[in-house]
Structure formats: structure tokens, C-alpha cells
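These notes concern the structure reproduced below.
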Amino acid sequence: MTLIEKFYPMMKPWLFRLDAERAHTFTVKMMVIAHRLGMLKSVGPIGPVGPVGLMGLSFPNRLGLAAGMDKSASAVDAWGAIGFGSVEVGTLTPRPQPGNPKPRLFRLPEHEALINRMGFNNPGIHSAVSKLQRRRTKAIVGVNIGKNFDTPNEGAVNDYLYCLKVAYPVADYIAVNISSPNTKGLRDLQAEGAVRQLIAALKTEQAALKKEHGKTVPLLVKIAPDLNDMQIEALARVFNEQNIDGVIATNTTIDREAVTGHALAQETGGLSGAPVRERSNLVLQAFRMLLKEQMPIIGVGGILNGADAVEKMKAGAALVQVYSGLVYRGPGLVREILEQVK
Ligand SMILES: Cc1cc2nc3c(=O)[nH]c(=O)nc-3n(C[C@H](O)[C@H](O)[C@H](O)COP(=O)(O)O)c2cc1C
């Protein structure tokens with residue numbers, strides 16, 4: 001057991017007494033400092049894992065950090081050092097924006113869950129890109145992109161194209177986020193017509209950027225768990241027809257059934273952690289059945305332990321990601337998953 005794994009259980013009660021967002025900001029800062037002091041060094045990958053070849057990339061292992069934990073790309077080397085094989089930074093928008101008023105992040109410990117309505121608080125794509133230019137980690141870095149809150153949906157394509165162009169030279173992959181519940185109208189971009197137009201534009205630009213930069217940066221789309229069968233079929237049809245490089249399933253849910261009666265259940269935002277697992281796995285399975293075989297799915301939503309990650313793989317994921325699990329379990333979760341998912 002390494003220092004950081006040993007310390008987290010001791011720090012957790014203290015962190016959980018802080019407001020959730022303050023605890024998050026503090027933890028990310030501590031990760032950066034601990035990494036600079038060499039305290040994360042020995043955490044690295046456990047046993048004979050990876051590399052995993054996927055979408056033309058070589059992932060050191062199958063575990064990634066989900067988007068939203070490191071919105072500004074400020075700690076990528078530290079996440080790599082604690083064993084993550086990939087880190088998805090963002091969501092990043094063309095211009096910096098403050099996000100929604102606080103409080104906007106809530107813990108529901110009885111359910112091992114979080115509710116957030118952060119609203120894409122981020123320093124803007126340029127700031128993140130300049131940080132990523134200086135990264136040293138061998139972990140694969142995905143850049144998750146979105147639109148500014150004040151860009152109407154009719155202009156959304158331009159925001160995504162802008163971010164794609166700026167991030168392309170430094171990103172290993174790009175995740176197109178059309179599934180956050182906290183930016184008004186964003187999920188409407190999942191409608192068949194809108195998503196077809198968006199992806200067609202992004203795929204055309206990807207081909208041009210490939211020529212310009214001499215490398216292919218895969219384009220993945222991140223989807224919501226709150227899709228009915230018809231919406232899933234329509235999205236899969238577009239993904240197959242447009243040859244998207246991969247799918248990330250899923251984002252947070254707006255459904256509150258699993259947490260009914262909890263004092264915070266009615267807070268607006270996306271619910272993550274254990275309560276989203278089942279729905280997330282069903283959506284993942286459905287996409288796996290409908291998508292072309294060679295199109296990988298990154299499974300995310302409700303992984304709280306190694307067995308959950310194994311279940312996600314069985315449901316059809318090629319890689320898995322975690323966010324809420326890390327809050328509840330700390331860095332020990334990384335080791336546990338890497339030991340069980342090879
Ligand atoms: C506080 C918070 C912020 C998030 N921000 C983003 C984001 O900016 N972009 C995104 O695509 N997903 C974001 N997510 C969603 C996660 O990446 C993930 O899809 C979701 O939480 C389900 O995984 P989990 O159950 O392991 O947390 C966020 C989640 C949380 C809890």
C-alpha cells in the first residue's frame with residue numbers, strides 16, 4: 001500500500017465535512033503537490049496490465065478518469081501517476097465561463113452518489129491546451145469539448161468545431177459532449193437530425209486536420225443514460241453511418257427514482273455514482289448490440305468497485321472510466337480495478 005492510499009481513508013471524514021466543491025478543489029491541488037513531491041510514484045500500474053490497442057492509440061491499461069474531475073487539465077501527470085491509463089479533461093468550451101452559482105455539487109453518501117449542476121465551469125480550451133503541451137504522463141489524454149452556455153443551439157456546431165481545431169494538436173482523442181444536463185438545450189443535440197449535422201461537420205474537419213497535422217485524433221461522442229429505445233436506435237444509426245470512432249456511455253442521469261426520499265434528491269442536476277449504474281449498463285449493452293463491432297465503447301457510470309468495472313466490461317465496454325467512485329473510495333479504487341480488469 002502506498003502513502004496516498006493509506007492517507008485517503010484518514011482524510012476522507014475530514015474532506016466529507018467540507019463543502020463538496022471545496023473538498024474537490026482542495027484534493028486536486030493536493031494531488032499536484034503530492035506528485036511534485038514524488039509521493040505518487042510507487043502507485044503506478046499493478047501487475048501485467050496493458051497496453052491496450054484501440055482506435056489507433058495505445059492505452060497503458062483499461063481504466064480512465066472520467067470528464068469533470070479535471071476540467072482545466074491541471075493535474076494530468078498526477079492522475080497518470082496514480083495509475084490511470086487515460087485522463088479525459090474538460091468539458092472545455094471556446095471561451096472561459098464561470099458555470100452555475102454555488103452550491104452546485106452535492107453528496108448523497110447513503111447512495112454513494114453525487115448530484116452536480118456545475119454548468120461547464122472551465123478556463124476555456126486555449127488555457128487547457130497550453131497546459132497539455134507541457135504534460136509528461138504516458139497516459140492517454142482525451143479532451144472533452146462542449147459549447148458555451150450563451151451559444152444558441154443553432155450555433156453549437158461552430159463551438160465544437162472551434163474546440164476541435166484548437167485541441168487537435170495536443171489531444172490523443174476528442175470527446176464530443178452532447179449529454180450534460182446542466183447546459184440548457186445541450187441534450188437536444190442528441191436528436192437524430194441535430195447529431196447527424198454535428199458529427200458530419202466534425203468528421204469533415206477531422207479529415208482536414210489529419211492532413212494538416214499528419215495524425216489521426218479519434219472522435220468519440222458522449223451520450224446520456226436518459227435515452228429511450230427509439231433514441232438509442234437513432235443515435236446508433238447516425239454513429240454507424242458517420243463512422244464515429246467511439247462512444248462514451250454514459251453521462252449523469254436526470255432520473256431520481258433510485259434516490260427517492262433523500263433530502264437532496266430534488267436538487268437540479270445530474271446524478272452519478274451507484275444509482276446510475278444499472279441504467280448506464282443497459283444503455284451500454286443496447287449500443288453494443290447496435291454499433292459496428294469495431295466501434296469501441298468506453299463504459300462509465302456507477303463503478304464503485306472492481307466487480308462493477310468487470311460488469312461494465314461484460315456489458316460491452318472496451319475501456320472503463322470512474323468519477324464518483326474515486327470520491328467515495330479514493331485512490332485504492334484504481335488499484336482494485338486494475339487488479340480485476342486486464
Ligand atoms: C461533479 C461532476 C462534474 C462532471 N462534469 C462533467 C463534464 O464536464 N463533462 C462530462 O462529459 N461529464 C462530466 N461529468 C460526468 C462524469 O464524467 C461521468 O460520466 C458520470 O459522473 C458517471 O460516472 P460516475 O458514476 O463514475 O461518476 C461530471 C460528473 C460529476 C460528478
Side-chain angles (χ1 to χ4, degrees), residues 19-25 27-28 63-73 84 86-93 97 99-100 102-108 111-123 125 128 142-147 149 160 163 173-183 186-187 189-190 220-226 247-255 258-259 267 269-281 283-284 297-305 308-309 311-312 317 319-329 333-334 337:
D19 157 77
E21 187 168 348
R22 287 187 72 176
H24 170 257
T25 312
T27 308
V28 176
L63 176 63
L65 181 70
M69 182 68 92
D70 193 356
K71 286 186 190 263
S72 57
F84 283 104
S86 56
V87 181
E88 195 171 303
V89 301
T91 295
L92 291 146
T93 54
Q97 61 178 37
N100 288 323
K102 295 176 188 172
R104 53 193 181 177
L105 175 61
F106 308 90
R107 302 184 193 93
L108 291 73
H111 296 280
E112 298 182 298
L114 301 171
I115 291 177
N116 92 83
R117 52 169 176 272
M118 307 300 288
F120 292 170
N121 54 310
N122 80 99
I125 190 76
V143 179
N144 181 306
I145 61 173
K147 74 169 191 76
F149 80 101
Y160 287 96
C163 291
Y173 73 82
I174 301 278
V176 180
N177 182 5
I178 49 173
S179 49
S180 167
N182 302 314
T183 294
L186 195 86
R187 284 182 168 196
L189 297 172
Q190 293 180 126
L220 292 86
V221 181
K222 184 163 178 182
I223 52 157
D226 311 307
V247 172
I248 306 172
T250 68
N251 214 310
T252 55
T253 179
I254 52 170
D255 192 274
V259 296
E267 288 292 346
L271 173 67
S272 60
V276 78
R277 184 189 313 128
E278 197 182 328
R279 183 67 207 153
S280 189
N281 286 351
V283 170
L284 165 58
I297 307 179
I298 300 181
V300 49
I303 297 179
L304 270 295
N305 55 48
D308 295 338
E311 196 186 339
K312 205 56 104 190
L319 304 172
V320 294
Q321 292 180 337
V322 294
Y323 187 135
S324 306
L326 205 57
V327 173
Y328 285 99
R329 296 283 319 282
L333 177 64
V334 176
I337 293 175

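Both counts, for ligands and for their atoms, begin at 1 and track the order of listing. If you read the sequence from its start, that first residue is 1, and numbering goes on from there.
Between A66 and ligand 1, a contact under 3.5 Å exists for no N or O pair. Between S324 and ligand 1, at least one pair of N/O atoms sits closer than 3.5 Å. Close N/O approach between A67 and ligand 1 is found [any backbone or side-chain N/O within under 3.5 Å]. Considering backbone and side-chain N/O of N144, one or more are found under 3.5 Å from N/O of ligand 1. The distance criterion of under 3.5 Å between nitrogen or oxygen atoms is met by G273 with respect to ligand 1. Residue E88 has no N or O atom closer than 3.5 Å to an N or O atom of ligand 1.
Atom-to-atom distance recorded for D70:CG and N144:CG is 12.0 Å, nearest 0.5 angstrom.
Summary of contacts: the protein heavy atom closest to atom 26 (O) of ligand 1 is Y323 N, 3.1 Å. Nearest protein heavy-atom contact of atom 30 (C) of ligand 1 is N116 ND2, 3.3 Å. Of the protein's heavy atoms, G68 CA, 3.6 Å lies nearest to atom 4 (C) of ligand 1. Looking at atom 20 (C) of ligand 1, its nearest protein heavy atom turns out to be T252 CG2, 3.8 Å. In this structure, the protein non-hydrogen atom closest to atom 31 (C) of ligand 1 is S272 OG, 3.5 Å. In terms of protein heavy-atom proximity, atom 8 (O) of ligand 1 is nearest to K71 NZ, 2.9 Å. What sits closest to atom 15 (C) of ligand 1 on the protein, heavy atoms only, is N251 OD1, 3.4 Å.
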Inset, instruction - Would you check, one step at a time, whether the test side-chain contact (heavy atoms from CB on, under 4.5 Å) holds for Q321 with I248? - result: CA-CA 9 Å; Q321 292 180 337; I248 306 172; 3.9 Å; yes
Inset, instruction - I would like to know whether K312 and S280 meet side-chain contact (heavy atoms from CB on, under 4.5 Å); could you show each step before the answer? - result: CA-CA 9 Å; K312 205 56 104 190; S280 189; 3.4 Å; yes
Legend entry - Check against side-chain contact (heavy atoms from CB on, under 4.5 Å), F120 and K147: CA-CA 9 Å; F120 292 170; K147 74 169 191 76; 5.6 Å; no
Inset, instruction - Take L326 and F84 through the test side-chain contact (heavy atoms from CB on, under 4.5 Å) and record every step on the way to the result. - result: CA-CA 12 Å; L326 205 57; F84 283 104; 4.0 Å; yes
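Between G301 and ligand 1 there is a heavy-atom distance shorter than 4.0 Å. The closest approach between any non-hydrogen atom of N122 and ligand 1 is not below 4.0 Å.
Between the side chains of T252 and S272, not a single donor N or O lies within less than 3.5 Å of an accepting N or O.
The distance from ligand 1 to the heavy atoms of G90 drops below 4.0 Å at these ligand atoms: 8 (O). Within ligand 1, counting atoms from 1 as listed, the ones closer than 4.0 Å to a heavy atom of L105 are 1 (C). Close approach to L114 involves these atoms of ligand 1, each under 4.0 Å from a residue heavy atom: 31 (C). Atom numbering of ligand 1 starts at 1 in the shown order; those under 4.0 Å from a heavy atom of G302 are 24 (P), 25 (O), 26 (O).
Under 4.0 Å from ligand 1, the heavy atoms of K222 that appear belong solely to its side chain. Under 4.0 Å from ligand 1, heavy atoms of T91 appear from its side chain as well as its backbone. In N177, the part holding a heavy atom less than 4.0 Å from any atom of ligand 1 is the side chain. Residue contacts with ligand 1, taken as heavy atom pairs separated by less than 4.0 Å, involve T250 solely via the backbone atoms N, CA, C and O.
Side-chain atoms of E21 do not come within 3.5 Å of backbone N or O of K102 as any donor-acceptor pair.
Taking all atoms of both residues into account, the shortest heavy-atom contact from Y160 to N177 is OH-O, 2.7 Å. Across every non-hydrogen atom of S179 and R187, the tightest pair is O-NE, 2.8 Å. For the pair A113 and L271, the tightest heavy-atom approach, listed with the atom from each and the gap, is CB-CD1, 3.9 Å. Here the closest heavy-atom approach between residue S180 and residue N251 is recorded as N-ND2, 3.7 Å.
Remark: of the listed residues D226, N182, I115, D226 is the sole one forming a side-chain contact (heavy atoms from CB on, under 4.5 Å) with I254. Checked options L108, V300, L114; the residue passing with S324 is L114 (criterion: side-chain contact (heavy atoms from CB on, under 4.5 Å)).
Ion pairing between R279 and D255 fails under the 4.0 Å rule for side-chain N and carboxylate O.
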